[in-house]
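Computed from a predicted structure; not experimentally measured.
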Amino acid sequence: MIPRRRIGRTELFVPELGFGTAALGNLYRQVSDADAHATVEAALAAGLTYADTAPYYGFGLAERRLGEALHGEVVVSTKVGRLLVPVDGPIADERHGFVAADPFEPVYDYSHDGILRSHEDSLRRLNRDRIDMLLVHDIGARTHGANHPAMLAQLLGSGVTALRRLRNEGTVSAIGIGVNETEIALDLIDRIELDAILLAGRYTLLEQGALDALFPRCAETGTSIVIGGPYNSGLLTGGATYDYAAAPADILERARRLEAACVRHGVSLAAAALQFPLAHPLVASVIPGLASPKEVQETVTRYSTPIPPALWEDLKAQGLLHPHAPIPQAVAA
């Protein structure tokens with residue numbers, strides 16, 4: 001049985017291994033409805049009873065598919081910050097990286113009414129009467145560039161009131177943000193009472209800069225971390241992609257050194273990458289993306305693979321791990 005961990009100071013608990021659903025929205029390649037449903041079924045059967053999704057994933061497709069397949073006691077998080085507007089006219093086969101997605105276009109909206117409408121729309125697509133954790137999606141300069149100040153002002157001006165209202169009413173159990181940069185998390189943690197930060201790609205076997213400032217603040221505020229992108233867009237499963245693009249030479253070299261160390265200790269790079277973040281006490285769950293029952297089984301195998309302590313010692317000795325990074329002490333049963 002997969003252990004469960006608490007989200008912040010709430011009464012919400014999640015399994016330490018969950019799954020992300022961007023692939024079920026046809027990210028980069030098409031997945032059939034049958035395969036999407038089989039993936040969710042396999043994940044739930046394996047004990048991965050925490051699913052993270054977003055309206056952005058396939059422009060409603062991932063939420064819809066997830067809602068069709070979910071059953072039993074499952075924790076669900078989804079996101080706000082984009083509304084889906086029906087497309088008027090021809091639709092390209094690929095949009096924003098999603099293939100054969102649903103006929104909607106995402107429009108940013110971090111306002112009070114936008115957040116409430118997004119929440120209601122997600123409930124309908126997910127076919128649920130409750131969403132457990134609601135996360136503000138992709139706020140930050142990395143996403144919005146020059147428009148970031150305006151988007152942030154919208155969130156802080158009225159959007160945060162909607163988030164607090166939903167939590168205070170008990171409509172959702174936890175609120176937070178889902179981002180791939182630490183700077184915006186540091187900015188918002190003192191402005192919004194965040195129960196959780198879903199941090200994609202920024203605390204992994206490859207990089208641990210979040211330990212310097214963000215994690216200490218989270219410890220002070222009682223904010224949990226959910227780790228998305230534990231493989232850094234596939235680089236830590238043997239690919240060459242980092243942050244959804246071709247990996248630069250220095251990043252590739254670091255990944256090669258990590259893999260060489262894993263080979264020396266008889267461990268797959270992917271297994272080490274999946275298990276490493278869970279050693280940190282702030283991390284409530286790691287949620288790799290899944291696209292097939294085969295990937296579910298691979299994930300469970302990586303999660304349960306015994307890893308010798310000497311690997312972590314080797315990585316620290318080479319300077320490949322932050323000196324203060326907690327390392328796994330035992331393999332999950």
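Nearest heavy atoms, Arg65 versus Leu24: NH1-O, 2.8 Å. Taking both residues in full, the closest heavy atoms of Thr21 and Ala62 are given as O-CB, 3.5 Å, listed atom of the first, atom of the second, then distance. Taking every heavy atom of both residues into account, Leu199 and Glu181 meet most closely at CD1-O, 4.0 Å. The nearest pair of heavy atoms linking Pro15 to Gly47 is CB-O, 4.1 Å. For the residue pair Gly8 and Ser224, the shortest heavy atom distance occurs at N-OG, 2.6 Å. Heavy atoms only, all atoms of each residue included: Ala291 and Ala23 are closest at CB-CB, 3.7 Å.
No side-chain N or O of Gln154 forms a donor-acceptor pair with one of Ser158 less than 3.5 Å apart. No donor-acceptor contact under 3.5 angstrom links the side chains of Asp132 and Ser173, judged on distance only. Judged purely by distance below 3.5 Å, without hydrogens or angles, the side chains of His324 and Asp212 never pair a donor atom with an acceptor atom. Side chain to side chain, Glu298 and Tyr303 fail the donor-acceptor criterion of an N or O pair below 3.5 Å. Side-chain atoms of Glu63 and Ser122 form a donor-acceptor pair, as typed in the model, at a separation below 3.5 Å. Glu313 and His265 form no side-chain donor-acceptor contact under 3.5 Å, judged by distance and modelled atom types alone.
For the atom pair CD1 of Ile189 and CD1 of Ile192, the computed distance is 10.5 Å after rounding to the nearest 0.5 Å. A distance of 7.0 Å separates OG in Ser118 from CG in Leu134, rounded to the nearest 0.5 Å. Atom-to-atom distance recorded for Leu205:CG and Leu321:CG is 6.0 Å, nearest 0.5 angstrom. In this structure, Leu163 CG and Arg165 CZ are separated by 11.5 Å, a value rounded to the nearest 0.5 Å. To the nearest 0.5 Å, atoms CD1 (Ile184) and OG1 (Thr143) are separated by 9.5 Å. Atom CG of Asp187 is separated from atom CD1 of Ile139 by 9.5 Å, given to the nearest 0.5 angstrom.
By the salt bridge (Lys or Arg N to Asp or Glu O under 4.0 Å) test, Lys316 is found to be paired with no residue, residues two or more places apart in sequence or in another chain being considered. Residues passing the salt bridge (Lys or Arg N to Asp or Glu O under 4.0 Å) test with Arg167, sequence neighbours excluded: Glu193, Asp195. Under the salt bridge (Lys or Arg N to Asp or Glu O under 4.0 Å) criterion, Glu183 pairs with no residue at all, not counting sequence neighbours. Under the rule for a side chain to side chain contact (heavy atoms under 4.5 Å, CB included), the partners of His71 that lie at least two apart in sequence or sit in another chain are Glu41, Leu44. Applying the side chain to side chain contact (heavy atoms under 4.5 Å, CB included) rule to Ala100 yields the partners Asn26, Gln30; only residues at least two apart in sequence or on another chain are considered.
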Using atom types as modelled, flag every donor-acceptor pair under 3.5 Å from a side chain in residues 251-263 to any protein atom, sequence neighbours excluded.
{"residue": "Arg254", "atom": "NE", "partner": "Leu206", "partner atom": "O", "Å": "3.0"}
{"residue": "Arg254", "atom": "NH2", "partner": "Leu320", "partner atom": "O", "Å": "3.0"}
{"residue": "Arg257", "atom": "NH2", "partner": "Gln318", "partner atom": "O", "Å": "3.3"}

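Residues Val31 and Leu48 do not share a hydrophobic cluster, defined by chaining ILVMFWY side chains whose heavy atoms lie under 4.5 Å apart. Residues Leu282 and Phe13 do not share a hydrophobic cluster, defined by chaining ILVMFWY side chains whose heavy atoms lie under 4.5 Å apart. Under a hydrophobic clustering in which Ile, Leu, Val, Met, Phe, Trp and Tyr are joined whenever their side-chain heavy atoms come within less than 4.5 Å, directly or via other members, Val99 and Leu290 fall into different clusters. Note on Leu61 and Phe19: separate hydrophobic clusters, where clusters join Ile, Leu, Val, Met, Phe, Trp and Tyr whose side-chain heavy atoms are under 4.5 Å apart, directly or indirectly. Both Val300 and Ile307 belong to a single network of hydrophobic side chains, linked directly or stepwise wherever heavy atoms of I, L, V, M, F, W or Y lie under 4.5 Å apart.
Under the 4.5 angstrom side-chain criterion for Ile, Leu, Val, Met, Phe, Trp and Tyr, the cluster partners of Leu84 are Leu27, Tyr28, Tyr56, Tyr57, Phe59, Phe98, Phe104, Tyr244. The hydrophobic cluster analysis finds Leu83 isolated: no Ile, Leu, Val, Met, Phe, Trp or Tyr side chain comes under 4.5 Å of it, directly or through other members. Under the 4.5 angstrom side-chain criterion for Ile, Leu, Val, Met, Phe, Trp and Tyr, the cluster partners of Tyr50 are Ile7, Leu12, Val14, Val75, Met133, Leu135, Leu198, Val226, Ile287. Other members of the hydrophobic cluster containing Ile91, listed by chain and number, are Val87; membership follows side-chain contacts under 4.5 Å among ILVMFWY residues, whether direct or relayed.
For Glu16 (side chain) and Val286 (main-chain N/O), no donor-acceptor pair under 3.5 Å exists by modelled atom type. For the pair Gln297 (side chain) and Pro293 (backbone), a donor-acceptor distance under 3.5 Å is absent. For Glu94 (side chain) and Gly97 (main-chain N/O), a donor-acceptor pair under 3.5 Å exists by modelled atom type. Between the side chain of Ser233 and the main chain of Tyr242, no donor-acceptor pair closer than 3.5 Å is present. When atom types are taken as modelled, the side chain of Glu295 and the backbone of Pro288 share no donor-acceptor pair closer than 3.5 angstrom.
Using a 4.5 Å cut-off on side-chain heavy atoms (C-beta onward), Leu278 and Arg5 make contact. Taking the side chain as every heavy atom from C-beta outward, Pro308 and Val267 approach each other to under 4.5 Å. For the pair Val160/Ile175, no side-chain contact is recorded, criterion being any heavy-atom separation below 4.5 Å from C-beta on. Under the 4.5 Å side-chain criterion, counting only non-hydrogen atoms from C-beta, Leu166 is in contact with His119. The side-chain heavy atoms of Pro55 and Pro106, taken from C-beta on, include no pair separated by under 4.5 Å.
Contacts classified as ring-ring contact (aromatic ring centres under 6.0 Å, His included) and involving residues 160-182 (residues at least two apart or in different chains) are not found. Sorted by first and then second residue, the pairs that involve residues 214-240 and meet salt bridge (Lys or Arg N to Asp or Glu O under 4.0 Å), not counting sequence neighbours, are Asp190-Arg217, Arg217-Glu220.
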Residues Arg117, Asp121; criterion salt bridge (charged side-chain N to carboxylate O under 4.0 Å, His left out); working and verdict: CA-CA 6 Å; Arg117 178 180 159 192; Asp121 288 348; 3.7 Å; yes

Worked verdict on Asp138 versus Lys79 for salt bridge (charged side-chain N to carboxylate O under 4.0 Å, His left out): CA-CA 9 Å; Asp138 288 341; Lys79 306 183 182 77; over 6 Å; no

When you look at Thr305 and Leu274, which way does the side-chain contact (heavy atoms from CB on, under 4.5 Å) test go after all the steps? CA-CA 10 Å; Thr305 296; Leu274 186 65; over 6 Å; no

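One finds no salt bridge joining Arg82 and Asp109 here, because no Lys/Arg side-chain nitrogen approaches an Asp/Glu carboxylate oxygen to under 4.0 Å. Between Glu120 and Arg124 there is no salt bridge, since no side-chain N of the basic residue sits under 4.0 Å from a carboxylate O of the acidic one. Look at Arg202 and Asp243 and you find a salt bridge, because one of the NZ, NE, NH1 or NH2 atoms lies within 4.0 Å of a carboxylate O, short of that distance.
Between Tyr110 and His144, the distance from one ring center to the other falls under 6.0 angstrom.
Remark: Asp250 CG is packed, more than 12 non-hydrogen atoms of other residues, nucleotides or ligands lying under 6.0 Å away. Around the CZ atom of Arg29, the shell of radius 6.0 Å holds no more than 12 heavy atoms that belong to other residues, nucleotides or ligands. No more than 12 heavy atoms of other residues, nucleotides or ligands lie within 6.0 Å of CG in Asp88, so this atom counts as exposed by the packing criterion.
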